[in-house]
Asker: 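So that we are looking at the same thing, I have put the structure below in structure tokens.
Remember, it's a predicted structure, so these values are computed and weren't measured experimentally.
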Amino acid sequence: MPPLVRRLPEGSVALVTGASRGIGRAMACALAEAGAHCILVARTVGGLERTDDLIAARHGDAGDRTARRATLLPMDLTDGAALDLLGPSVMARFGRLDILVHCAATLGVLTPVTHMDVAAWQDCLALNTTAAWRLIRTTAPLLEEAAHGRAVFLTDAHACVPAPFWGMVAASRAAQDALVRTWACEIPATSGLRVNLFDPGIVATRMRRQAMPGGDPAPLPRPEQVARQIVPLCLPGEMRHGQRIVAMPVVQQG
């Protein structure tokens, strides 16, 4: 895959959730390649370390941890008290936040609406909806202060188009999308902050394997291919705001 040619301003700081695997990992690598220092957020320490190693290997600083382009922040995004401290912690450590890309999500349980388990329902809402709201609340002051603040929230087609058994994802993502679009409407026209939703479509990720364990991942886009479509939404020249952007089709070469 050819290197990215688009560059972020010097000193840019990006926060990526779900950075231990899948699109989150690919997005962290892509933003680091574009010049950002990435704050990697996920529950799994081992996964975060793997992402950190990938970033370091690509930039020739694997042997020098002081020069690395990533900071690891193991965190359970459903821990509201910890998440509320994220923005102030980023401010204390870096003094700025230019980019937020929220990739963390859960599939929940694929089941009829009438069979939904209360605990599974609450867990799904906690990550897919409430965590997004808390992320907005804790990072908004920093993003609003940035010269070209950018926030991208991954979404899902089921938020717009219902399908049998996908009620947990549909409801939790639709609620997230409403919050994000409402926040976008509330941002003054004079602000440099741009907020958008991005629907990656069906991608070869672990979540896809969980949903469709018998499916063939070979024809599906790879997380790295999708991440390269998200990077432009994080650049200073991006003017779209309050929109839902759908990934362009990717054709795999045989």
Asker: Provide the closest heavy-atom pair for T129 versus S172 in the form atom of the first, atom of the second, distance.
Answerer: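 Between these two residues, the closest heavy atoms are OG1-O, 2.7 Å.
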Asker: Please report the interatomic distance CH2(W133) to OG1(T182), rounded to the nearest 0.5 Å.
Answerer: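 OG1 of T182 is found 14.0 Å from CH2 of W133.
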Asker: Quick one: CG on D156 to CD on Q176, what's the gap to the nearest 0.5 Å?
Answerer: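 Atom-to-atom, D156:CG and Q176:CD are 10.0 Å apart.
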Asker: Do the non-hydrogen side-chain atoms of D98 and L8 ever get within less than 4.5 Å of each other?
Answerer: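 With C-beta onward as the side chain, the pair stays apart.
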Asker: Would a distance-only check, ignoring hydrogens and angles, find a side-chain to backbone donor-acceptor pair under 3.5 Å from R25 to G47?
Answerer: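 Yes, because the side chain of R25 sits within donor-acceptor range (under 3.5 Å) of the backbone of G47.
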Asker: Looking at Q229 and M248, would you say the former's side chain and the latter's main chain have a donor-acceptor pair under 3.5 Å?
Answerer: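 Pair found, side chain donor or acceptor close to backbone of M248.
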Asker: Are any side-chain N or O atoms of N196 and backbone N or O atoms of R240, one a donor and one an acceptor, separated by less than 3.5 Å?
Answerer: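 Yes, N196 side chain to R240 backbone: donor-acceptor pair under 3.5 Å.
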Asker: Is there side-chain contact between V45 and L72, with at least one heavy-atom pair below 4.5 Å?
Answerer: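 No, their side chains stay 4.5 Å or more apart.
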Asker: Could you tell me which non-hydrogen atom of P200 sits nearest to which non-hydrogen atom of A247, and how far apart they are?
Answerer: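 The pair with the smallest heavy-atom distance is O-CB, 3.6 Å.
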Asker: Going from CG on L48 to OG on S20, what distance comes out if it is rounded to the nearest 0.5 angstrom?
Answerer: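 Result: 5.5 Å between the selected atoms.
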Asker: Locate the shortest heavy-atom distance separating V90 from L15; write the atom from each residue and the value.
Answerer: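 V90 and L15 have their closest heavy atoms at CG2-CD1, 4.1 Å.
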Asker: Show which residues join M116 in its hydrophobic cluster (side-chain heavy-atom contacts under 4.5 Å, direct or indirect), or state none.
Answerer: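 Members besides M116, by chain and number: V109, V113, W121, L125, M168.
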Asker: Under the 3.5 angstrom rule, does the side chain of T78 hit a backbone N or O of A126 as a donor-acceptor pair?
Answerer: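 Looks like no, no N/O pair under 3.5 Å.
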Asker: Would you check if the side chain of R69 reaches a backbone N or O of A36 as a donor-acceptor pair within less than 3.5 Å?
Answerer: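 No, because the side chain of R69 does not come within donor-acceptor range (under 3.5 Å) of the backbone of A36.
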Asker: Are V152 and I187 joined in one hydrophobic group, where the rule is that I, L, V, M, F, W and Y side chains link up if heavy atoms are under 4.5 Å apart?
Answerer: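 V152 does not cluster with I187.
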Asker: Give a yes or no on whether the backbone of L220 and the side-chain of R222 come within a donor-acceptor separation of less than 3.5 Å.
Answerer: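 Yes; at least one donor-acceptor contact below 3.5 Å.
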Asker: So T138 and L85, do their side chains get closer than 4.5 Å, heavy atoms only?
Answerer: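 Result no, sub-4.5 Å side-chain heavy-atom pair not found.
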Asker: Give a yes or no on whether the backbone of C103 and the side-chain of T17 come within a donor-acceptor separation of less than 3.5 Å.
Answerer: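 Yes; at least one donor-acceptor contact below 3.5 Å.
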Asker: Surrounding CZ of R50 (heavy atoms of other residues, nucleotides or ligands, distance under 6.0 Å), is the total greater than 12?
Answerer: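 Not buried by this count: 12 neighbours or fewer within 6.0 Å.
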Asker: Check for me, please, whether L193 and L142 land in the same ILVMFWY cluster - side-chain distances under 4.5 Å, paths through other members count.
Answerer: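 As far as the 4.5 Å side-chain criterion goes, L142 and L193 are connected within one cluster.
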Asker: Does M27 reach the side chain of V231, with side-chain heavy atoms less than 4.5 Å apart?
Answerer: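 Touching, per the 4.5 Å side-chain cut-off.
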Asker: Taking all atoms of both residues into account, what is the closest heavy-atom pair of A42 and A19, and its distance?
Answerer: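 Minimum heavy-atom contact is CB-N, 4.0 Å.
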Asker: Under 4.5 Å between side-chain heavy atoms, counting indirect links through other Ile/Leu/Val/Met/Phe/Trp/Tyr residues: same cluster for L31 and L154 or not?
Answerer: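 Linked, L31 and L154 end up in one cluster.
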Asker: So, does R58 use its side chain to make a donor-acceptor pair with the main chain of A32 at under 3.5 Å?
Answerer: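 Checked: no pair found.
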Asker: Decide whether L97 and L77 are clustered together by the hydrophobic rule: side chain heavy atoms of Ile, Leu, Val, Met, Phe, Trp, Tyr closer than 4.5 Å, transitively.
Answerer: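 Looking at the clustering, L77 is in the same group as L97.
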Asker: Between C234 and V101, what is the shortest heavy-atom contact and its length?
Answerer: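 The pair with the smallest heavy-atom distance is SG-CG2, 3.9 Å.
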Asker: Around atom CZ of R96, are there more than 12 heavy atoms from other residues, nucleotides or ligands closer than 6.0 Å?
Answerer: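 More than 12 heavy atoms, drawn from other residues, nucleotides or ligands, come within 6.0 Å of this atom.
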Asker: May I ask you to test the L73-L86 pair for a side-chain heavy-atom distance under 4.5 Å?
Answerer: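 The answer is yes; the side chains approach within 4.5 Å.
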Asker: Counting N and O atoms only, with roles assigned by atom type, does the side chain of R228 sit under 3.5 Å from a partner on the main chain of A30, one being a donor and the other an acceptor?
Answerer: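 No; judged by distance alone, with no hydrogens or angles, the pair does not exist.
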Asker: Any side-chain donor paired with an acceptor under 3.5 Å for T155 and R173?
Answerer: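 Checked: T155/R173 side chains show no N/O donor-acceptor pair below 3.5 Å.
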Asker: If I compare all heavy atoms of A105 with all of L127, which pair ends up nearest, and what's the gap?
Answerer: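 Nearest pair, atom of A105 first, then L127: C-CD2, 3.5 Å.
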Asker: Drop me the distance from C38's SG to E33's CD, to the nearest 0.5 angstrom.
Answerer: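 Spacing of SG (C38) from CD (E33) equals 11.0 Å.
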Asker: Once rounded to the nearest 0.5 Å, what's the spacing between atom CG of N128 and atom CG of D177?
Answerer: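 Separation between the atoms: 10.0 Å.
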Asker: A side-chain contact here means heavy atoms from C-beta on lying under 4.5 Å apart; do I230 and I23 qualify?
Answerer: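 I230 vs I23: side chains touch.
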Asker: Quick check: do T106 and D123 have side-chain heavy atoms less than 4.5 Å from each other?
Answerer: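 Sidechains of D123 and T106: no contact.
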Asker: Does any N or O in the side chain of D84 come within less than 3.5 Å of the main-chain N or O of R134, such that one atom is a donor and the other an acceptor?
Answerer: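 No, the answer is negative, given that no donor and acceptor are paired below the 3.5 Å cut-off.
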Asker: Would a single hydrophobic cluster contain both V13 and V195, if residues Ile, Leu, Val, Met, Phe, Trp and Tyr are joined by side-chain heavy-atom contacts under 4.5 Å?
Answerer: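 Hydrophobic grouping puts V195 with V13.
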Asker: Can you name the ring pair (Phe, Tyr, Trp, His ring centres under 6.0 Å) partners of F153, sequence neighbours left out?
Answerer: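 F153 satisfies ring pair (Phe, Tyr, Trp, His ring centres under 6.0 Å) with H102 once adjacent residues are dropped.
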Asker: Between atom OG1 of T71 and atom NE2 of H37, what is the distance when rounded to the nearest 0.5 Å?
Answerer: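 Reported to 0.5 Å precision, the distance equals 2.5 Å.
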Asker: With a cut-off of 6.0 Å (strictly less than), are more than 12 heavy atoms of other residues, nucleotides or ligands near CZ of R93?
Answerer: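 Open.
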Asker: May I have the step-by-step check of side chain to side chain contact (heavy atoms under 4.5 Å, CB included) for I39 and F94, ending in yes or no?
Answerer: CA-CA 10 Å; I39 304 168; F94 299 98; 3.5 Å; yes
